[in-house]
Q: 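For reference, the structure I am asking about is given below.
Keep in mind that this is a model prediction, so the values were computed, not measured. Below, each value reflects all heavy atoms present in this structure, side chains not excepted, and no hydrogens, waters or symmetry copies. Residues take their numbers from the sequence shown, with the count starting at 1.
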Amino acid sequence: MSKKDLRRYSRIVVDGVEQAPSRAMLRAVGFSEDDFNRPQVGIASTWSMVTPCNMHIAGLADEAAKAASEAGGKGVIFNTISVSDGISMGTPGMRYSLVSREIIADSIEAVVGAEGFDGLIAIGGCDKNMPACVMAMARLNRPAVFVYGGTIKPGAKRRDIVSVFEAVGARSGGLISDAELLEVERTAIPGPGACGGMYTANTMASAIEAMGMSLANSSAQEAVSDQKLDDCRRAGRAVMHLIREDIKPRDIMTREAFLNAITVVIALAGSTNAVLHLLAMAREAEVELSLEDFTRIGANVPVLADVKPSGKYLMSELIAIGGIQPLMKRLLDKGLLHGECMTVTGKTLAENLADVADYPDGQEIVRDFDRPIKADSHLAVLYGNVAPEGAVAKITGKEGLRFEGSARVFHSEEEALRAILDDSINAGDVIVIRYEGPKGAPGMREMLSPTGAIMGKGLGSEVALITDGRFSGGSHGFVVGHVSPEAAAGGPIGLIKDGDVLRIDAESKEINVAVSDEELARRRAAWKRPVSPVQRGVLAKYRNEVSSASEGAVTIPPAWDDQA
């Protein structure tokens, strides 16, 4: 390969007499004679009509492919799947949500590896396909740029999907009528884009930008906007620059880059799912990252953004004042970000932020350091006899910092939701939802239906909820998820009984049940794992290979023994 030949992978597919069949196939899909001499750029599109988050992405993929071709490459679009959390929430279908992250990463790896693409642009618009795209990039380690599909515009009266979940609880509590619930349902989702608060999609978009794997300001654009179309065009040009300079994802996804992502997630009051996804992405990049990193960074980084679900403002309102770039500049100036990290622009993070202007005077969305929403992280990693391997709480301080109450134990999300809607939950209860972990569900379902119902009934400050499942980025209240080991793996959460006293302390970072070690040992001896609801298919494969939530809930295939 000459120095000018940038086809590090595609030349193997298209060069030489023996590859005539490959060229014949490619001519049929639109390759010209000149295209065989260009670097091929795969455009991984997560377009589908399954969910509003992704319904517009086909158009974005077209723009990215066109720009990559105009910059000297050959853009080739392919698709991967997406599933909708918002639609499947509260149903057995939600088991597939986290599983889809692995399927998407696998599918992108398969297409890029098989076709011999020299570079990759991946466009994601929903919670799981975004980290999945970056996981695939880290595995493949070919020049790559991630593009966020963008956030949805606010619905009527500043509503979003969480408004609907909370309206269900309000209707159950008699606070609104059927007609009022229907009006919320009809007006909350006005069109394309990811859920509008600092929920998981906007959290992960911000984390990926902070990590350097998307272009500056990519995370802070509405889905339907000229800015998002331009983002795709810039990505097409950027990936060709990365190919020319041979800058690869693992040059960007360093340990320091992951620490930058954690810092920005905390400052933005981001979703607990960021913990799972960043751990998973780090594993694919072969970077050391653990729950302890979230605790260590969280001790020094304040929550500065007053954003939904716990705060007042939507992502569109943050976009209107400048997005996350001014916040990152503030964090950099305070010495809280690693400015030397390389990014997909081909420049360092500090270089990207050098000319960023601060927020306009008088805005209240992002606070100054001298009056934060919370002086340290809202993401508290808790340990104790309930969670020896850790649990992740999302506590902004508005819910209080400690909770002690009596356990109300449920073996599924559906059981818990029925109890909440039937007025069977009282002030002082700690709702325990178990067998919803990575192996137990299987798939680690999100608990937005129960938490939304709790908030809608006005019980947000009156009860707590713990689970070995996880939470939507839209969940808020006194909630603790990712309890590890999970119940299905024999974790102590499976030994809790109704009436046990549970103590949760976000300051001392503890979660304990007031039961003696001897009694827990007796209960453990009598415990039997329930029969799994799944016996075959992709969920069974996932259950058999998935790791603990404390490790990112990644699939770990059995080790291959070369000596066997």
Side-chain angles (χ1 to χ4, degrees), residues 83-100 127-128 161-162 164-169 171-173 195 199-200 271-273 276 309 386-387 391-394 407-425 429-457 459-460 463-489 491 493-494 496 498 502 529-534 539 542-543 546 549 553:
V83 302
S84 172
D85 294 0
I87 296 170
S88 63
M89 195 75 70
T91 76
M94 187 65 196
R95 292 187 175 115
Y96 290 92
S97 172
L98 190 57
V99 177
S100 75
D127 297 13
K128 307 310 164 302
I161 185 61
V162 176
V164 189
F165 281 97
E166 294 185 359
V168 171
R171 176 65 193 92
S172 174
C195 301
Y199 312 143
T200 304
S271 166
T272 54
N273 278 320
L276 276 179
V386 171
V392 180
K394 182 179 182 181
R408 292 291 308 280
V409 179
F410 302 95
H411 283 202
S412 71
E413 177 187 4
E414 288 87 350
E415 288 181 16
L417 181 60
R418 282 194 296 271
I420 296 164
L421 296 178
D422 291 345
D423 296 323
S424 298
I425 300 298
D429 286 344
V430 179
I431 301 167
V432 179
I433 305 178
R434 62 195 184 195
Y435 300 109
E436 292 288 8
K439 292 181 180 293
M444 204 178 180
R445 291 195 292 176
E446 292 181 342
M447 302 293 136
L448 182 54
S449 292
T451 60
I454 287 168
M455 299 306 294
K457 278 183 169 286
L459 291 171
V463 302
L465 189 154
I466 73 168
T467 180
D468 51 9
R470 59 196 176 93
F471 295 108
S472 161
S475 292
H476 56 124
F478 207 103
V479 296
V480 182
H482 309 195
V483 173
S484 302
E486 62 175 293
I493 189 174
I496 297 170
D498 280 339
L502 284 158
R529 182 184 293 110
V531 175
S532 175
V534 170
L539 292 178
Y542 181 86
R543 179 194 61 219
V546 70

Q: So which heavy atom on Y435 is nearest to which on A487, and how close?
A: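 Of all heavy-atom pairs spanning Y435 and A487, the closest is CE2-CB, 3.6 Å.
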Q: Test of understanding: with side-chain hydrogen bond (donor to acceptor under 3.5 Å, both in side chains), list the residues that count as partners of R171, not counting sequence neighbours.
A: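 For R171, the residues satisfying side-chain hydrogen bond (donor to acceptor under 3.5 Å, both in side chains) (neighbours in sequence not counted) are D178.
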Q: Restricting to non-hydrogen atoms, name the atom on S100 and the atom on V83 that form the minimum distance, rounded to 0.1 Å.
A: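 Closest approach of S100 to V83, heavy atoms only: OG-CG2, 3.6 Å.
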Q: Ignoring hydrogens and angles, tell me if any N or O in the side chain of S172 forms a donor-acceptor pair with the backbone of V168 under 3.5 Å.
A: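 No; judged by distance alone, with no hydrogens or angles, the pair does not exist.
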Q: List the residues meeting side-chain hydrogen bond (donor to acceptor under 3.5 Å, both in side chains) with R408, not counting sequence neighbours, and say none if there are none.
A: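 Residues passing side-chain hydrogen bond (donor to acceptor under 3.5 Å, both in side chains) with R408: none at all.
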Q: Would you check, one step at a time, whether the test side-chain contact (heavy atoms from CB on, under 4.5 Å) holds for I161 with L448?
A: CA-CA 10 Å; I161 185 61; L448 182 54; 5.5 Å; no
Q: Minimum heavy-atom separation for P442 and S532, please, with both atom names.
A: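 The answer is CD-OG, 4.4 Å.
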Q: I'd like to check V463 versus I420 (side-chain heavy atoms, cut-off strictly below 4.5 Å). Are they in contact?
A: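 When only atoms from C-beta onward are counted, I420 and V463 do not touch, as no gap falls below 4.5 Å.
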Q: Mind running side-chain contact (heavy atoms from CB on, under 4.5 Å) on E486 and I493 for me, showing each step along the way?
A: CA-CA 7 Å; E486 62 175 293; I493 189 174; 5.6 Å; no
Q: Between D498 (side chain) and V409 (backbone), is there a donor-acceptor pair under 3.5 Å?
A: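 Yes, because the side chain of D498 sits within donor-acceptor range (under 3.5 Å) of the backbone of V409.
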Q: Please check if the side chain of D127 supplies one atom and the backbone of T200 the other of a donor-acceptor pair under 3.5 Å.
A: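 No, because the side chain of D127 does not come within donor-acceptor range (under 3.5 Å) of the backbone of T200.
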Q: Looking at NZ of K439 and CE of M444, how far apart are the two atoms once the value is rounded to the nearest 0.5 Å?
A: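 It comes to 12.5 Å.
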Q: Rounded to the nearest 0.5 Å, how far does CZ of F165 lie from CE of M455?
A: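 Spacing of CE (M455) from CZ (F165) equals 14.5 Å.
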Q: Does a side-chain heavy-atom distance below 4.5 Å link I433 with P450?
A: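 In short, these two side chains touch, coming nearer than 4.5 Å.
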Q: Looking only at non-hydrogen atoms, find the nearest pair between L502 and A407 and report the distance.
A: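 Scanning both residues completely, I find the closest heavy atoms to be CD1-CB, 3.8 Å.
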Q: Can you confirm whether Y96 is buried at OH, in the sense that more than 12 heavy atoms of other residues, nucleotides or ligands lie under 6.0 Å from that atom?
A: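 Not more than 12 within 6.0 Å, no.
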Q: Test of understanding: with side-chain hydrogen bond (donor to acceptor under 3.5 Å, both in side chains), list the residues that count as partners of T467, not counting sequence neighbours.
A: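 Partners of T467 by the side-chain hydrogen bond (donor to acceptor under 3.5 Å, both in side chains) criterion come out as none, since no residue qualifies.
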Q: Are the side chains of S472 and S271 in contact, using a 4.5 Å heavy-atom criterion?
A: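 SC-SC contact between S271 and S472 ruled out.
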Q: Roughly how far, to the nearest 0.5 Å, is OG of S449 from CG of L421?
A: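 Result: 9.0 Å between the selected atoms.
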Q: For A549 and P438, which heavy atoms make the closest approach, and how far apart are they?
A: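 Result for this residue pair: N-CG, 4.1 Å.
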Q: Apply salt bridge (Lys or Arg N to Asp or Glu O under 4.0 Å) to R470 and list each qualifying residue two or more places apart in sequence or on a separate chain.
A: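 Scan of R470 (salt bridge (Lys or Arg N to Asp or Glu O under 4.0 Å), adjacent residues dropped) gives E446.
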Q: To check you understand the geometry: which heavy-atom pair defines the closest contact between E436 and A441, and what is its length?
A: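 Nearest heavy atoms, E436 then A441: OE1-CB, 3.6 Å.
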Q: Which residues pass the side-chain hydrogen bond (donor to acceptor under 3.5 Å, both in side chains) test with E166, sequence neighbours left out?
A: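 For E166, the residues satisfying side-chain hydrogen bond (donor to acceptor under 3.5 Å, both in side chains) (neighbours in sequence not counted) are H476.
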Q: Which residues pass the salt bridge (Lys or Arg N to Asp or Glu O under 4.0 Å) test with E415, sequence neighbours left out?
A: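 Expected list: none.
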Q: Using a strict cut-off of less than 4.0 Å between a Lys/Arg side-chain nitrogen and an Asp/Glu carboxylate oxygen, indicate whether E414 and R445 qualify as a salt bridge.
A: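 Yes, E414 and R445 are salt-bridged.
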Q: Do any N or O atoms from the side chain of N273 and from the backbone of F471 form a donor-acceptor pair under 3.5 angstrom?
A: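 Judged by distance alone, yes, a pair lies under 3.5 Å.
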Q: Look up atom CG in L459 and atom CZ in F478, then write down how far apart they are to the nearest 0.5 Å.
A: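 One finds 15.0 Å between CG of L459 and CZ of F478.
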Q: Spell out, as yes or no, whether a donor-acceptor pair under 3.5 Å connects the side chain of K128 to the backbone of L98.
A: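 Side chain of K128 to backbone of L98, a donor-acceptor pair under 3.5 Å: no, none is there.
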Q: Dump the intermediate steps for side-chain contact (heavy atoms from CB on, under 4.5 Å) on V386 and V480, then the final yes or no.
A: CA-CA 11 Å; V386 171; V480 182; over 6 Å; no
